[in-house]
Amino acid sequence: MKKNRYLLCLLLACLMLYFAVPRLSINLDGAQGIFSLTWLAFALMVIAGNLTGLLYSPKKTRKMPTGRLKKKSRSYY
């Protein structure tokens, strides 16, 4: 279930980056240039975090059936 969330967030972050990069102007001085660089840095951190969570999440282990073993009952008759 978590892998689906990581994949969805990764795809949404890449989609936002795809639409935002042509509109961001990194070459400008002042607040616009700083905003563009920080926005790109945060977007890359989000992508890296989701990719790390997707790749390094623990794999599901198959649980053995937890059927109870029948214990021998003692009879004292």
Side-chain angles (χ1 to χ4, degrees):
M1 187 70 183
K2 279 191 174 184
K3 285 193 176 191
N4 292 339
R5 183 180 63 101
Y6 287 137
L7 186 62
L8 178 66
C9 291
L10 182 67
L11 290 174
L12 288 175
C14 289
L15 182 70
M16 283 181 13
L17 198 63
Y18 175 77
F19 281 114
V21 167
R23 291 169 177 80
L24 292 174
S25 51
I26 300 170
N27 299 333
L28 293 177
D29 293 333
Q32 289 179 346
I34 293 171
F35 175 79
S36 297
L37 287 175
T38 48
W39 195 92
L40 285 173
F42 282 132
L44 291 176
M45 281 188 228
V46 167
I47 290 173
N50 283 308
L51 193 59
T52 302
L54 185 66
L55 293 176
Y56 293 112
S57 62
K59 301 199 185 293
K60 283 188 177 179
T61 57
R62 279 183 86 189
K63 293 183 180 179
M64 298 299 271
T66 58
R68 291 187 168 185
L69 298 175
K70 290 186 179 181
K71 292 184 179 179
K72 292 183 180 179
S73 63
R74 296 181 182 174
S75 61
Y76 296 105
Y77 306 62

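The first residue of the sequence shown is numbered 1, and numbering continues consecutively from there. Hydrogens, waters and symmetry mates are skipped; everything else that's a heavy atom, side chains included, is used.
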Measuring only between side-chain heavy atoms, which start at C-beta, is I47 closer than 4.5 Å to C14? yes
Interatomic distance, CG@L55 vs NZ@K3, rounded to 0.5 Å, equals 8.5 Å
Atom of L17, atom of A43 and distance for their closest heavy-atom approach: CD1-CB, 3.8 Å
Rounded to the nearest 0.5 Å, how far apart are CG of L40 and CE of M45? 11.0 Å
In one Ile/Leu/Val/Met/Phe/Trp/Tyr side-chain cluster, 4.5 Å: F42, L24: no
L12: hydrophobic cluster co-members (side-chain, 4.5 Å): L8
Show the nearest heavy-atom pair for residues W39 and A20, with the distance to one decimal. CH2-CB, 3.4 Å
Under the 4.5 Å side-chain heavy-atom rule for ILVMFWY, direct or indirect, which residues accompany I34? none
F19: what forms a side-chain contact (heavy atoms from CB on, under 4.5 Å) with it, not counting sequence neighbours? L15, R23
R5 side, atom CZ; L54 side, atom CG - distance, nearest 0.5 Å: 11.0 Å
L51-V21 co-clustered via ILVMFWY side chain contacts under 4.5 Å: yes
Give a yes or no on whether M16 and L10 share a hydrophobic cluster (residues Ile, Leu, Val, Met, Phe, Trp, Tyr; joining criterion: side-chain heavy atoms under 4.5 Å apart). yes
Which heavy atom in S25 sits nearest to a heavy atom in S36, and how many Å separate them? O-OG, 3.3 Å
